[in-house]
Amino acid sequence: MLESILREAGYDLSFTILEIGALPMGEEPFHKLLKEYPSSRILAFEVDPVLCAELNGKATRGIHFYPYALGKTEEEKTFYDTRHPMCSSLYKPNEALIDMFQNLEVAKLKQTFSVQTVSMDHFADINKIGPVDFIKIDIQGAELDVFEGGKKVLKDVLVIVSEVEFVPIYEKQSLFGDVSAFLWDHGLIFHKFLGLAGRSVKPIVFKNNLNYPSQHLWSDAVFIRDFLKPDLLDDLQLLKTAILMNCPLQ
C-alpha cells in the first residue's frame, strides 16, 4: 500500500479537510484518507444543530461536525429551507427558473429562519486549525461567499471540489465563472468537472427520464494549485496533491 511505502520513506502524512455542507448522502471518497492516514481529520459543517449533534454521536474517528453556517463574514442571515434539505441555501430559490425544468420542485421554498454565519478564516483562527489541504464544498450557490471569507485559509489549500451552477437556481447567487475567476486570483485553477447535471425544459421529457439533462445546470468543479508554478509548492505539498488527486476525484 502507498501509505506503508511512504511511512517507510519517512513520510507520516496527515491531511486536514473541510467538508462544508455535510448533509449525509453516503460516504465521500475522500473519507478513506482517515483510514489510510490515521492522523488526518475532517472538519465538517452542518447548519442544523440537532442533526449536527446526531452526526457527532455516530461519527467515526477523525470526523467532527460543527453546527455553523459558513459565510462571507460574521453576521445574521436568512436561511432558505427547501422541500428537500439538500437544496437549502443562504440564497433564495429562483422559483421562476425552477418552474421551467422537470423535477426541480425539491428546490422550492418551504420556510425561512435566521442563522448566524461565520467566515472560514474566523473559524480557522478561533479553532487554531492550521493549514487546510483540501476543501469539499456544496452549499447551493453560497460557495463564493465562503471563499471570500477564507482568503487566509485558501493560501495553503491544495485541492478544492466545489459545487457550481451555470444558471441562477438561486436568486443573486454566484455562478461557475465567478467562482473560477476568484479562485484563479488566489492561485487555484480550474481542473475539470466531475460530471454534469441538469434537467429537461418542461414539458419535454427525453428518454422517459425526468432528470435527463438537456440543459446543464450544475456540476462539481475541481480546482488545484496552478500547475504552471510547481516551484511554489514544497515536496510535501506536491506529494499531498498527488494523493488528493487520486482520492476524492474518482
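Given the structure is predicted, the values throughout are model-derived calculations rather than measurements.
No side-chain donor from either of S219 and E163 sits under 3.5 Å from a side-chain acceptor of the other. For the residue pair E165/Q173, the side-chain donor-acceptor check at 3.5 Å is satisfied.
For an aromatic pair to be called close, the ring centres must be under 6.0 Å apart, and F30 with F134 satisfies this. No close placement of the Y170 and Y91 rings is indicated, their centers lying 6.0 Å or farther apart. In summary, the aromatic rings of F176 and F193 are positioned with their centroids under 6.0 Å apart.
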Where do T78 and Y80 land on the side-chain contact (heavy atoms from CB on, under 4.5 Å) test, with the steps shown first? CA-CA 6 Å; T78 299; Y80 297 91; 3.7 Å; yes
Please report the C-alpha distance between E19 and H31 in whole Å, then the side-chain angles of each, then the deciding distance to 0.1 Å, and finally whether the side-chain contact (heavy atoms from CB on, under 4.5 Å) criterion is met. CA-CA 10 Å; E19 185 176 1; H31 284 195; 3.0 Å; yes
Could you walk me through whether L18 and V157 pass side-chain contact (heavy atoms from CB on, under 4.5 Å), step by step? CA-CA 10 Å; L18 300 187; V157 173; over 6 Å; no
As a quick check of understanding, evaluate side-chain contact (heavy atoms from CB on, under 4.5 Å) for S114 and K77, giving each step before the final call. CA-CA 6 Å; S114 294; K77 297 275 286 186; over 6 Å; no
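Taking all atoms of both residues into account, the shortest heavy-atom contact from Q237 to L232 is OE1-O, 4.1 Å. Heavy atoms only, all atoms of each residue included: V146 and M120 are closest at O-CE, 3.8 Å. Nearest heavy-atom pair, V222 versus V161, reported as atom, atom and distance to 0.1 Å: CG2-CG2, 4.2 Å. I204 and Q102 make their closest contact through O-NE2, 3.2 Å (heavy atoms, listed as atom of the first residue, atom of the second, distance). Here the closest non-hydrogen pair linking K202 and F101 is CE-O, 3.0 Å. Taking both residues in full, the closest heavy atoms of L34 and S40 are given as CD2-O, 3.5 Å, listed atom of the first, atom of the second, then distance.
The hydrophobic cluster containing V205, built from Ile/Leu/Val/Met/Phe/Trp/Tyr side-chain heavy atoms closer than 4.5 Å, also comprises L210.
L239 and V159 end up in the same hydrophobic cluster when Ile, Leu, Val, Met, Phe, Trp and Tyr side chains are linked at under 4.5 Å. V164 and I169 fall into different hydrophobic clusters, where Ile, Leu, Val, Met, Phe, Trp and Tyr are joined by side-chain heavy atoms under 4.5 Å apart, directly or via other members. Linking Ile, Leu, Val, Met, Phe, Trp and Tyr residues whenever their side-chain heavy atoms come within less than 4.5 Å leaves L109 and L97 in two separate clusters. There is a path of hydrophobic side-chain contacts, each under 4.5 Å, that joins L244 to F227. Cluster annotation: L238 is connected to L13 through the hydrophobic network of ILVMFWY side chains, with a link wherever side-chain heavy atoms come within less than 4.5 Å.
Using a distance-only test at 3.5 Å, with no hydrogens or angles considered, no donor-acceptor pair links the side chain of T82 to the main chain of A107. A donor-acceptor pair under 3.5 Å is absent between the side-chain atoms of D226 and the main chain of G187, judged by distance alone. At distances below 3.5 Å, not a single donor-acceptor pair connects side-chain atoms of E143 with backbone N or O atoms of V179. No donor-acceptor distance shorter than 3.5 angstrom exists from the side chain of S119 to the backbone of G71, with no hydrogens or angles considered. Not one N or O on the side chain of E171 forms a donor-acceptor pair closer than 3.5 Å with the backbone of P168. Side chain of N127 to backbone of I129: no donor-acceptor contact under 3.5 angstrom is found. No donor-acceptor pair closer than 3.5 Å links the side chain of N246 to the backbone N or O of A242. Side-chain N or O atoms of K240 include one that pairs as donor or acceptor with a backbone N or O of S14 at under 3.5 Å. When atom types are taken as modelled, the side chain of R41 and the backbone of I17 share no donor-acceptor pair closer than 3.5 angstrom. Proximity of a side-chain donor or acceptor of D133 to a complementary backbone N or O of T16 within less than 3.5 Å is detected.
Within a 6.0 Å radius of NZ in K92, no more than 12 heavy atoms belonging to other residues, nucleotides or ligands are found. When the shell of 6.0 Å around CG of N208 is examined, it contains 12 or fewer heavy atoms from other residues, nucleotides or ligands. Heavy atoms from other residues, nucleotides or ligands lying under 6.0 Å from CZ of F113 number more than 12.
With rounding to the nearest 0.5 Å, the separation of CZ in R225 from CG in L158 is 7.0 Å. Separating the OG atom in S200 from the CG atom in N211 is a distance of 8.5 Å, to the nearest 0.5 Å.
Looking at E148 and K72, a side-chain N of the basic residue comes within less than 4.0 Å of a carboxylate O on the acidic one, giving a salt bridge. Under a 4.0 Å N-O distance rule, the pair K152/D121 does not qualify as a salt bridge.
Of the residues V115, V47, L70, I139, the one that meets the side-chain contact (heavy atoms from CB on, under 4.5 Å) test with L90 is V115.
Between F123 and V153, every side-chain heavy-atom pair lies at or beyond the 4.5 Å cut-off. Side chains of I63 and L43 form no contact here, defined as non-hydrogen atoms less than 4.5 Å apart.
Note: F223 and F190 have perpendicular aromatic rings, judged against thresholds of 30 and 60 degrees for the angle between ring planes.
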